[in-house]
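Read the structure below first, then the notes.
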Amino acid sequence: MMESIITKLTRQEAWEEFLAYRLQKGRFTWREFEDADRFVEQEKYLPLARKVAQGGGLGIPEMKIVNKMGTGKKRVVYSFSSDEMMLLKFIAFQLYDYDEHFTPNCYAFRRGVKAHDAIYDIRRAIEGREMWAYKLDIHDYFNSISIEILLPLLATMTADDPLLYRFFERMLTDDRVVYKGETIFSNHGVMAGTPTAPFLADVYLKEVDSYFSEAGVVYARYSDDIIMFAPDRETLMEYKDRMAAFLTQYRLEVNPDKERIYTPDEAFDFLGFRCHAHEIDIAESTRKKMKGKIKRAAKALSRWSRKNHLPPEKAMRGLISQFNRKFFESGDAESLSWSRWFFPVINKTDGLREIDHYLQQHIRFLSTGRHCKSNCQTDYASLKRLGYRSLVNEYYKFRCYGR
């Protein structure tokens, strides 16, 4: 009988394996690794691990409402204490042992599987074929998952580890959350923002993925983003109706703003990419989001500069520095940087050029406080001296040197 993931929580060698994997995969900054290494070396995980192994649960998670990346919209995320989040990261690492239960058309939370693989697999599957496409996004997916429906599915998945199932059952059925310092009751689903949420989300739609896989449909799902293809509109509508029935069954809703049907001669968007024949570029919606970020940041820096009577160059450097980090550095050790997400896949630079031009415009705007012809006095060489890095130039460096 296999050892429970819950009892592994108390073994230092299992924690050391977890740390080594995360370090190798770049999931830690060095500072985070040093903190985590001390956490393991000094066995700070043991009190909580023993509590959980003996049937205890975690504390009450905190609920936060944060800005949704690239939009003015809000999203709800959850977090536990730092020690509890580290414990959940350890459990999430061990949950890769269940990877074989998922079908190949599921691309989220899979060991050795990247989101980019979905783009490559789709292109291979539809190459030389005239295919219709239906793309959808599930509204507030993680937080909308019905725990009542999920638990029997999870019990089947983790039948070989009843301790693990009971841990999840305790965590998911406790509907208390802390919001703005007050304990309230909330239907929180699998709690977006917690390390185990992606695995639980894959379990929830496993039947859907399996159905389309067994039917031989060209289909890909990455978390709440789904796309499927058919040789004609009539067949595609059948797939669309079947998907709608599944979503009703699982008490989920489509985000109508992100639902789209593509004809065979149209480029389709998926995971931030725009694909057409052999060409892959950055999707228009992704460009729009990034331009919105640039515009808002430039306005904020302009106000800050005027209020504090600072020279324009300081605000210009600030905007350049902010987007250098956004493009070329990960915002956290859990995710890829913007460029590392797009550079390995795209083979067109139209989107990069558009964003480059837009950012340059707004850096120059900060030199005068308005958009006007005199901004051109700040030439490209001046931008480079302030630290500006062109996305197009960095893309070609990446393609040549792989970095």
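Quick note: numbers below take in every heavy atom, side chains included, and nothing from hydrogens, waters or symmetry partners. Numbers here are sequence positions counted from 1.
- Between the side chain of Lys135 and the backbone N or O of Met228 there is no donor-acceptor pair closer than 3.5 Å.
- For the 3.5 Å distance criterion, the side chains of Asp356 and Tyr388 qualify, holding a donor opposite an acceptor.
- Looking at every heavy atom in both residues, Ile149 comes nearest to Leu153 through O-CG, 3.5 Å.
- Counting heavy atoms from C-beta outward, Lys295 and Phe365 have side chains that stay 4.5 Å or more apart.
- A distance of 14.0 Å separates CZ of Phe33 from CZ of Phe39, quoted to the nearest 0.5 Å.
- In this structure, Arg242 is positioned above the aromatic face of Phe246, its NZ or CZ under 6.0 Å from the six-membered ring centre and within 45° of the axis.
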**Request:** Please assess Leu48 against Met86 for the test side-chain contact (heavy atoms from CB on, under 4.5 Å), listing each intermediate value before the final yes or no.
**Result:** CA-CA 11 Å; Leu48 181 58; Met86 183 64 76; over 6 Å; no

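- Under the 4.5 Å side-chain criterion, counting only non-hydrogen atoms from C-beta, Phe398 is in contact with Arg340.
- By the 4.5 Å heavy-atom criterion applied to side chains, Phe93 and Arg111 are counted as neighbours.
- Distance CD/Glu130 to CZ/Phe229: 13.5 Å, rounded to 0.5 Å.
- Annotation for Tyr380: atom OH counts as buried by contact number, over 12 foreign heavy atoms lying within 6.0 Å.
- A donor-acceptor contact shorter than 3.5 Å links the side chain of Asn347 to the backbone of Ile280.
- Using modelled atom types, one side-chain atom of Ser339 and one backbone atom of Phe327 make a donor-acceptor pair closer than 3.5 Å.
- In summary, Lys397 and Glu394 engage in a salt bridge, as defined by a charged side-chain N under 4.0 Å from a carboxylate O.
- Taking each heavy atom of Phe167 and Val52 in turn, the nearest pair found is CD1-CG1, 3.6 Å.
- Proximity of a side-chain donor or acceptor of Tyr134 to a complementary backbone N or O of Ala230 within less than 3.5 Å is not detected.
- In this structure, Phe199 and Phe109 have perpendicular ring planes: the angle between them is above 60°, well past the 30° mark.
- Using a 4.0 Å cut-off between a side-chain N of Lys or Arg and a carboxylate O of Asp or Glu, Arg317 and Glu313 qualify as a salt bridge.
- In this structure, CE on Met191 lies 12.0 Å from CE on Met63, to the nearest 0.5 angstrom.
- Using a 4.0 Å cut-off between a side-chain N of Lys or Arg and a carboxylate O of Asp or Glu, Lys206 and Asp209 do not qualify as a salt bridge.
- Between Glu266 and Arg260 a salt bridge is recorded (basic side-chain N to carboxylate O distance below 4.0 Å).
- Using modelled atom types and a 3.5 Å distance limit, the side chains of Ser321 and Asn324 yield no donor-acceptor pair.
- Using cut-offs of 30° and 60° on the angle between ring planes, the pair His116 and Phe273 is perpendicular.
- Within 6.0 Å of atom NZ in Lys114, 12 or fewer heavy atoms from other residues, nucleotides or ligands are found, so the atom counts as exposed in its surroundings.
- Between Val190 and Thr194 the shortest side-chain heavy-atom distance does not fall below 4.5 Å.
- Once rounded to the nearest 0.5 Å, the distance linking CD of Gln54 with CD1 of Ile6 reads 12.5 Å.
- Contact detail for Trp15 and Leu9: the closest heavy-atom pair is NE1-O, 2.7 Å.
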**Request:** Test ring-ring contact (aromatic ring centres under 6.0 Å, His included) on Tyr239 and Tyr219 and set out the steps.
**Result:** CA-CA 10 Å; Tyr239 296 161; Tyr219 162 106; 9.5 Å; no

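- Looking at Asp83 and Leu87, their side chains never come closer than 4.5 Å, going by heavy atoms from C-beta outward.
- Looking at Asp161 and Thr158, their side chains never bring a donor and an acceptor atom within 3.5 Å of each other.
- The line from NZ of Lys288 to OG1 of Thr286 is 12.0 Å long, rounded to the nearest 0.5 Å.
- No salt bridge links Arg287 with Asp350; every basic N to acidic carboxylate O contact stays at or beyond 4.0 Å.
- Closest non-hydrogen pair, Ala92 versus Pro195, comes out as CB-O, 3.6 Å.
- With contacts defined as side-chain heavy-atom distances shorter than 4.5 Å, the pair Ile355/Trp338 qualifies.
- In this structure, Glu253 places its CD atom where only 12 or fewer heavy-atom neighbours from other residues, nucleotides or ligands lie under 6.0 Å away.
- Salt bridge annotation for Asp99-Arg110: present, with a cationic side-chain nitrogen under 4.0 angstrom from a carboxylate oxygen.
- Between the side chains of Ser367 and Arg364, not a single donor N or O lies within less than 3.5 Å of an accepting N or O.
- For the pair Ala201 and Ile145, the tightest heavy-atom approach, listed with the atom from each and the gap, is CA-CD1, 3.9 Å.
- Rounding to the nearest 0.5 Å gives a distance of 5.5 Å between CG of Asp269 and OG of Ser285.
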**Message:** Using side-chain hydrogen bond (donor to acceptor under 3.5 Å, both in side chains), reason through Asp160 and Tyr98 one step at a time and then give a plain yes or no.
**Reply:** CA-CA 11 Å; Asp160 59 346; Tyr98 291 96; 2.9 Å; yes

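- Looking at heavy atoms from C-beta onward, Tyr107 lies out of side-chain contact with Leu271 at the 4.5 angstrom threshold.
- His357 NE2: 12 or fewer foreign heavy atoms inside a 6.0 Å radius.
- Counting heavy atoms from C-beta on, the side chains of Asp174 and Leu58 never come closer than 4.5 Å.
- Between Asp117 and Gly112, the shortest heavy-atom distance links the atoms OD2-O, 4.1 Å.
- Applying the 6.0 Å contact sphere to NZ of Lys64 captures no more than 12 heavy atoms from other residues, nucleotides or ligands.
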